[in-house]
Asks: 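There's a structure below that I have some questions on.
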Amino acid sequence: MEQGVGSESIPTPGSMDKSKIFDIRPLRCLVPTFPSSPGTSAFSSPQPSPFMCFPPTGPFPPGVSPFYPFLVPTESLRSAVPNQAGHSGFNNAIPSPVPLTSFRPTSTKKSRAANGSTGPSRKSSRYRTAAIHLDVDGYSDSQHQTDQYLSGFSMHVADAEDTSSKVRRRKGKSEMRTRSGREVSPGVDIDLVANSFLESFNLAEFDSVRQADGDTQSIRYILMIFDLLRRRITQVEEGREAAPGGLRRPDLKAGAILMNKGVRTNTKKRIGAVPGIEIGDIFFFRMEMCLVGLHAPSMAGIDFMSFKLVQGEDSLAISIVSSGGYEDNVDDGDVLIYSGQGGNIYRKDKFVDITDQKLERGNLALEKSLHRGNHVRVIRGVKDVANPTGKIYLYDGLYKIQHSWAEKGRSGVNVFKYKLVRVPGQPEAFTMWKSIQQWKEGITSRVGVILPDLTSGAENLPVSLVNDVDDEKGPAYFTYFPTLKYRKPFHSPQPSRSCMCRGGCQPGDLNCSCIQKNGGVLPYTALGVLLIYKALIHECGSSCLCPPNCRNRMSQAGLKVRLEVFRTKDRGWGVRSWDPIRAGAFICEYAGEVIDVSTEEELEREREDHYIFDATCTNEPSDVMAGNSIESPKIPFPLVVSAKKGGNVARFMNHSCTPNVYWQPVLRECNNEAYLHIAFFAIGHIPPMKELTYDYGTGQSGQAGQRKKKCLCGSLKCRGHF
DNA sequence: CGATGTCAGCGGTAT
DNA sequence: ACCGCTGACATCGAT
């Protein structure tokens, strides 16, 4: 949409005769009447209408039943903005509602006919429960081997609502043909791959929470499974030769599978905060927001719910996704001008033309919400610097709709506009994102910067030292160097084979010796995201012929995100990122000097320092990854690193019992020399300015109970010490 | 390189 | 059946 119209110039109500621009149809698109709210409505009709909308506080004329459509469970109100009751206007005692489509737990999908919806249809048969035996051996040997490796032990998915039947039926239509109409080799069935993949997770635990409210833990878990599955599908598609390009939307595929398995939460639509989701949380796919119940439509920008009233029906807006496509001229990050939906004409699913938007669906719901004054969740789409083709969705909390109007867009068609203003008192999110952009562009400077770059240029990106908490001027002196220092490498008994991939190691190339070492799989995606959690990653070494930017040299390529070392309130210095970090993304390695500790006493003495990394500590994957840990952690060499005299950012990373970062041993070999490194990867998506933490582990068994440090991570699952 | 176009997809709403 | 502020990739035209 063109911007020339000037979104800021909000016309005074009534300045335009809007009755002319609406497609007034008798039943569905009634023009609402707002009898007692002069000046607030841009949409009023002189005629009385059978469909009335009233201010939240009433009064309600005789014969009209007000409604209270969202029976929000009390626990979900806790996490809402302070004073929520004061903001929402639903204080009247109101009879129970008849929700039309709002409450649809998974289990009632198949009995929708009883819910006032249509009778049994083709769609309902789609959801018919089908007990299908999962044929784990139904695929080729090499695939099987890979899956054995990746999924390890077996845990059958309890849910009988399997996707296979559905997908098989659809196959003739979409899956067997590519866009160009070519036949696709049916060699690898994504659904079988997905099934065997999911079997390695304890999905049974979702039976208990699937229809209930979400919480931080289940949402972390769902998002992690989604991303692992998505990456897994990408990987399988990349390796297959017959279909160049392969499956075009692994995100949709992964999302659909999890939706059908019930690996989702917050399935009830609700106004206001969503349990388990915090303001500032980031998402990389629309599907992720569907799965956790933040925003249900997979594409549409407006989520709303409809209700049956005594006469007629009503709707309210719940959440919107502002993709920045209509980037408005509003400088204030707490204000959003949002364009209505519709006005696109399709023929055979193809966009052909635009026309006037109509006051229906989401537009009508937004209009209703303007008058109801209910909270609307806002998700801001922002550009992903790391992936130019991708987008990041930032949950920016609750807004209220302040004004609405219509304006002439391109080709003179009418477009609805809504002005939303952020509810005050919520933590910063989008405004913080904007500030960070300004710091990076040098427009404004970060408050409290002690050193703009504590690496003195040793890294390819600066790492700031910041303190906006107290007077501490910086950590004790140390030398910054970006990688691990070996006095002498470990000795491998057999000489290691180097790879010959001059153009860089490519997925599916089974001749590549480095891929062979990784079990036939390239451990990273094209975007440098770790595919799967494994005990040991084999990266290319110095004698490999591939270039430094080879995909299999992820941990050697230096920092990818803009980090800062900052003063925490009570835990000394910590690390956080200005950039959003994707799940599985490489963050940095643990630099320092590899030290020789021949005796336990020596190790104990070294341990007195805060800057010891002991890779022989149990590297138990955090509970969110449980089920996906295949082998017990296996370090090929006992590696102890001291970062006391020197090291990199990683030496400032604090411990947490619910970490967002985990470490991963990475081996780089060269003939008979082996270099073991410690690489840090993101467990889930990490929003900007969230502290990066990893689990320091429990130490060796012999030392349990000794000299433990008190843990201040504040997590609900805190062990109390580490 | 950015902007625009193409197209298969999905969950959801409505018929 | 219809709809949409997807998302990955192709293509085009301006630097």
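Letters A, B, ... are given to chains in the order of the sequence lines, protein chains preceding strands, and every chain is numbered from 1.
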Asks: For the base of C/dC5 and the side-chain ring of A/Tyr338, does the geometry meet a stacking cutoff of under 5.5 Å between centres and under 30° between planes?
Replies: yes
Asks: Please confirm whether any donor atom in the side chain of A/Arg361 sits under 3.5 Å from an acceptor in the base of B/dT13, or the reverse.
Replies: no
Asks: Atom NZ of A/Lys268 and atom C1' of B/dG11: how far apart are they, to the nearest Å?
Replies: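 To the nearest whole Å, that distance equals 20 Å.
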Asks: Assign each of A/Gly390 and A/Pro297 to its nearest nucleotide of DNA chain C by heavy atoms, then name whichever residue's nucleotide is nearer the 5' end.
Replies: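 Residue closer to the 5' terminus by nearest nucleotide: A/Pro297.
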Asks: Considering only NZ, NE, NH1 and NH2 on the basic side and carboxylate oxygens on the acidic side, decide whether A/Arg380 and A/Asp396 come within less than 4.0 Å.
Replies: yes
Asks: Could you walk me through whether A/Lys368 and A/Asn363 pass side chain to side chain donor-acceptor pair (under 3.5 Å), step by step?
Replies: CA-CA 9 Å; A/Lys368 297 293 173 106; A/Asn363 299 346; over 6 Å; no
Asks: Can you see if the side chain of A/Ser322 gets near the phosphate of C/dC5 - specifically, an N or O under 4.0 Å from OP1 or OP2?
Replies: no
Asks: Which one, C/dC5, B/dG12, B/dC10, comes nearest to the side chain of A/Lys269?
Replies: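 For A/Lys269, the side-chain atoms sit closest to B/dG12.
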Asks: Are OP1 or OP2 of C/dC5 and a side-chain N or O of A/Tyr418 less than 4.0 angstrom apart?
Replies: no
Asks: Quick one: is B/dT13 close enough that its OP1 or OP2 comes under 4.0 Å of any side-chain N or O from A/Ser306?
Replies: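 For B/dT13, OP1/OP2 do not have a side-chain N/O of A/Ser306 under 4.0 Å.
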Asks: For B/dG12, does the base pair up with any side-chain atom of A/Ser298 as donor and acceptor (N or O, under 3.5 Å, distance only)?
Replies: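 When only heavy-atom distances are counted, A/Ser298 does not reach the base of B/dG12 through any donor-acceptor pair under 3.5 Å.
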Asks: Can you check the A/Met287 CE to C/dG4 P distance for me, whole Å?
Replies: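 One finds 18 Å between P of C/dG4 and CE of A/Met287, rounded.
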Asks: Base, sugar-phosphate, or nothing: which does A/Asp303 touch, judged by heavy atoms less than 4.0 Å apart?
Replies: nothing
Asks: Nearest to the side chain of A/Ala300 - C/dG4, C/dG7, B/dC10?
Replies: C/dG4
Asks: When you measure from the side chain of A/Arg232 to the backbone N and O of A/Ala194, does any donor-acceptor pair fall under 3.5 Å?
Replies: no
Asks: Pick the closest DNA chain C nucleotide for A/Phe285 and for A/Gly342 by heavy atoms, then say which residue is nearer the 5' end.
Replies: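 Nearer the 5' end of the strand: A/Gly342.
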Asks: Whole Å only: how far is the CG atom of A/Leu420 from the P atom of C/dC5?
Replies: 15 Å
Asks: Atom NZ of A/Lys391 to atom P of C/dA8: distance rounded to whole Å?
Replies: 10 Å
Asks: Roughly how many Å is it from CZ in A/Arg249 to C1' in B/dT6, rounded to a whole number?
Replies: 13 Å
Asks: Would you find a donor on one side and an acceptor on the other, under 3.5 Å apart, between the side chain of A/Gln426 and the backbone of A/Gly397?
Replies: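 Not a single qualifying donor-acceptor pair exists.
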Asks: Checking contacts here: which listed nucleotide (B/dA14, C/dG7, B/dG12) is nearest the side-chain heavy atoms of A/Arg264?
Replies: B/dG12
Asks: Using atom NZ of A/Lys383 as one end and atom C1' of C/dG7 as the other, report the distance to the nearest whole Å.
Replies: 16 Å
Asks: Nearest whole Å is fine: how far is C/dG7 P from A/Phe284 CZ?
Replies: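 Spelled out: CZ on A/Phe284 to P on C/dG7 is 12 Å.
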Asks: Is the shortest side-chain N/O distance from A/Tyr393 to OP1 or OP2 of C/dC5 below 4.0 Å?
Replies: no
Asks: In dot-bracket, 5' to 3', how would DNA chain C read with Watson-Crick or G-U wobble pairs under 3.5 Å, [ ] for crossing ones and | for pairs to another strand?
Replies: ||||.||||||||..
Asks: For the pair made of CG in A/Leu252 and P in C/dG4, what is the distance, rounded to whole Å?
Replies: 17 Å
Asks: Please tell me whether A/Tyr418 and A/His403 form a close aromatic pair, meaning their ring centres lie under 6.0 Å apart.
Replies: no
Asks: Using a cut-off of strictly less than 4.0 Å, decide whether A/Lys253 has a side-chain nitrogen or oxygen near OP1 or OP2 of C/dG7.
Replies: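 For C/dG7, neither OP1 nor OP2 has a side-chain N or O of A/Lys253 closer than 4.0 Å.
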Asks: Run the salt-bridge test on A/Arg270 and A/Asp213 with the 4.0 Å N-O cut-off and return the result as yes or no.
Replies: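 Yes, charged N to carboxylate O under 4.0 Å.
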Asks: Should the pair A/Lys440-A/Asp579 be classified as a salt bridge under the 4.0 Å nitrogen-to-oxygen rule?
Replies: yes
